[in-house]
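Let me begin by presenting the structure, written as structure tokens, before commenting on it.
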Amino acid sequence: MLKINKKEEPEFFSKFKKKEKPKNWGDFDFRLKNELKEYMLENEQKIGKEKYCPYCELKILLENSQIEHLKPKDKFPELFSNYENFIVGCVDKKTCGQAKGNKWDRLFINPVMENPQEYFSYRLRTGEIIPKIDDGLEYKKAIKTIEILNLNERKLCDYRKVYINQIINISKDLKEEEKIGIIKYFDEFPTLKEFLIENIEILK
Ligand SMILES: [Zn+2]
């Protein structure tokens with residue numbers, strides 16, 4: 001899960017709200033939502049040249065993404081137009097925003113307010129995302145967030161596992177700095193990449 005550094009609400013969005021006085025999410029038309037997505041992807045969710053789903057960390061594009069209300073609009077109707085509450089997520093049917101739906105829990109890690117990297121780690125053998133800390137509130141928050149977003153969905157774990165194994169195979173017998181160079185070359189799963197670089201000694 002990626003940290004989102006939220007920028008100022010874009011002017012076109014503030015103007016629209018002031019002029020049209022939308023009362024619910026349906027009052028925002030397709031064009032405006034698209035413009036919002038573009039703004040967020042470009043300014044808040046881009047690493048290098050790529051844009052990512054903050055939840056699963058796969059690459060997304062304008063065309064295969066959706067605006068996601070961090071606090072679901074069914075449960076927090078007053079936040080339907082609150083810019084701080086928006087991110088752009090993937091449209092996978094089994095994970096992320098689609099898995100989350102209108103579920104909410106106070107333990108959910110909000111990537112706008114907190115740094116998810118303080119909560120998550122990886123199990124390289126299986127490709128699972130796991131809590132970084134073994135007990136206490138941090139542990140509970142990590143477990144709950146993984147559950148709500150279904151971040152250990154089988155296909156997603158398999159994909160991470162293949163990714164990890166590819167890196168292990170290519171970087172076998174190389175020097176540490178060469179291994180790091182290889183990892184940097186890959187462009188999906190940014191926090192998994194950082195995890196591998198921080199724990200480079202485990203890539204034997
Ligand atoms: Zn996703």
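Ligands are counted one by one from 1 in listed order, and the atoms in each one are counted from 1 as well. Numbering starts at 1 and runs along the sequence shown. Heavy atoms only: backbone and side chains are in, while hydrogens, waters and symmetry mates are out.
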Requested in this report: Taking the side chain as every heavy atom from C-beta outward, state whether I67 and W25 have any atom pair closer than 4.5 Å.
Outcome: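 I67 reaches W25 side chain to side chain.
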query = Using 4.0 Å as the upper bound for N to carboxylate O, is an ion pair formed by K51 and E42?
reply =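 The answer is yes: the pair qualifies as a salt bridge.
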Margin query: Under the rule for ring pair (Phe, Tyr, Trp, His ring centres under 6.0 Å), what residues qualify as partners of Y83, not counting sequence neighbours?
Written below: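 Scan of Y83 (ring pair (Phe, Tyr, Trp, His ring centres under 6.0 Å), adjacent residues dropped) gives none.
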Discussion item. Which of the protein's N, O or S atoms come within less than 2.8 Å of the Zn ion (ligand 1), not counting waters?
Written reply: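 Under 2.8 Å from the Zn ion (ligand 1) - ignoring waters, which are not counted - the protein N, O or S atoms are C53 SG, C56 SG, C90 SG, C96 SG.
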Residues, nucleotides or ligands: over 12 heavy atoms within 6.0 Å of Y163 OH
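Result for OH/Y163: enclosed.
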Practice problem: Assign the ring pair F28 / F80 to parallel, tilted or perpendicular, where the plane angle (0 to 90°) is split at 30° and 60°. | Solution: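 Tilted.
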| query | Considering the options I167, N199, I164, which one meets the side-chain contact (heavy atoms from CB on, under 4.5 Å) requirement together with L124? | reply |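 Only match with L124 under side-chain contact (heavy atoms from CB on, under 4.5 Å): I164.
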